[in-house]
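To start, the structure under review is shown below, and the notes come after it.
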Amino acid sequence: YSIMTEWLIDGDWRYEYFPLDGLDNCLAGFESIIELWRSKATPNLPSWTDFDLLDFKEWWGWLVVYDCVDGQPLEFDVRLWGTNVVDITGHDRTGKRLTGENRPDKSDPTNVSINNLKFSRFILDESVIGYTSEPYRAGWGASKRYREILLPLSSDGINNDKLLFAGKLDE
């Protein structure tokens, strides 16, 4: 059983994390992405280049990938912003740089908040798996909830320099 540790509650958003080797039975629906990520994590964290697009077939449209910007702890270049994530958020961040400047303080599904960036940095710095969730928002339907898992990646096997997000919209 995996023990999640709360990092922050920001309005409706919950930010939680657990160890890399923690069991994942509390993350229903994310078992396949965790298993895939762990299968590439031998012996170090996987690199983005360890994956093939077909590895993610079940997750197409639900993935986001951030690249760290050297020397800038709260700056990320968005390598990928999945089409289903575009539908939920109303914008496509692919190819854009996210910085701590002019970010909303409060978490919001239509924007990347400063807390989202800080949590992303925490996941990378602490080498843990992150998990976020929030109840429905207007336009999603009253019974829906968005959840995502954050998985650190390392291009050199030493420094965590990318972050893989996989999202789900639950009924």
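- T132 places none of its side-chain heavy atoms less than 4.5 Å from the side chain of R14.
- Summarising the geometry, atom NZ belonging to K168 is positioned 8.0 Å from atom CH2 belonging to W62; distances are rounded to the nearest 0.5 Å.
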Expected list for residues 40-48: side-chain donor-acceptor pairs under 3.5 angstrom, two or more places apart:
from, atom 1, to, atom 2, distance (Å)
K40, NZ, D50, O, 3.3
S47, OG, T49, N, 3.2
S47, OG, T49, OG1, 3.0

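- Summarising the local packing, CG of D156 is surrounded by more than 12 heavy atoms from other residues, nucleotides or ligands at distances under 6.0 Å.
- Minimum heavy-atom separation, I33 to A166: CG1-CB, 4.0 Å.
- No side-chain heavy atom of V65 sits less than 4.5 Å from a side-chain heavy atom of V78.
- For V86, the side-chain contact (heavy atoms from CB on, under 4.5 Å) partners at least two apart in sequence or on another chain are W81, D92.
- Nearest heavy-atom pair, S155 versus D161, reported as atom, atom and distance to 0.1 Å: OG-OD2, 2.8 Å.
- Annotation: side chain of P152 is not in contact with side chain of E126 (no heavy-atom distance under 4.5 Å).
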Would W59 and S32 count as a side chain to side chain donor-acceptor pair (under 3.5 Å) here? Give the steps. CA-CA 9 Å; W59 293 93; S32 68; 3.1 Å; yes
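- Side-chain contact between N116 and F119: absent, with no pair of heavy atoms (C-beta onward) separated by less than 4.5 Å.
- Residues L63 and F51 have side chains not in contact (no heavy-atom distance under 4.5 Å, counting atoms from C-beta outward).
- The side-chain heavy atoms of L74 and I114, taken from C-beta on, include a pair separated by under 4.5 Å.
- Under the 4.5 Å side-chain criterion, counting only non-hydrogen atoms from C-beta, W60 is not in contact with N84.
- Linking ILVMFWY residues whenever their side-chain heavy atoms come closer than 4.5 Å, directly or via other members, leaves I123 and I158 in distinct clusters.
- In plain terms, the two heavy atoms of R38 and L20 that are nearest each other are NH2-O, 2.9 Å.
- Residues satisfying the side-chain contact (heavy atoms from CB on, under 4.5 Å) criterion with D52, sequence neighbours excluded, are L54, D55.
- Under the 4.5 Å side-chain heavy-atom criterion for Ile, Leu, Val, Met, Phe, Trp and Tyr, V69 and L164 are members of distinct hydrophobic clusters.
- Between F165 and L151, the closest side-chain pair of non-hydrogen atoms is not below 4.5 Å.
- For Y131 and Y17, the distance between ring centers is not under 6.0 angstrom.
- Closest of all the heavy-atom pairs between R121 and C68 is NH1-SG, 3.8 Å.
- Within the 3.5 Å criterion, the main-chain N or O of G29 finds a donor-acceptor partner in the side chain of E31.
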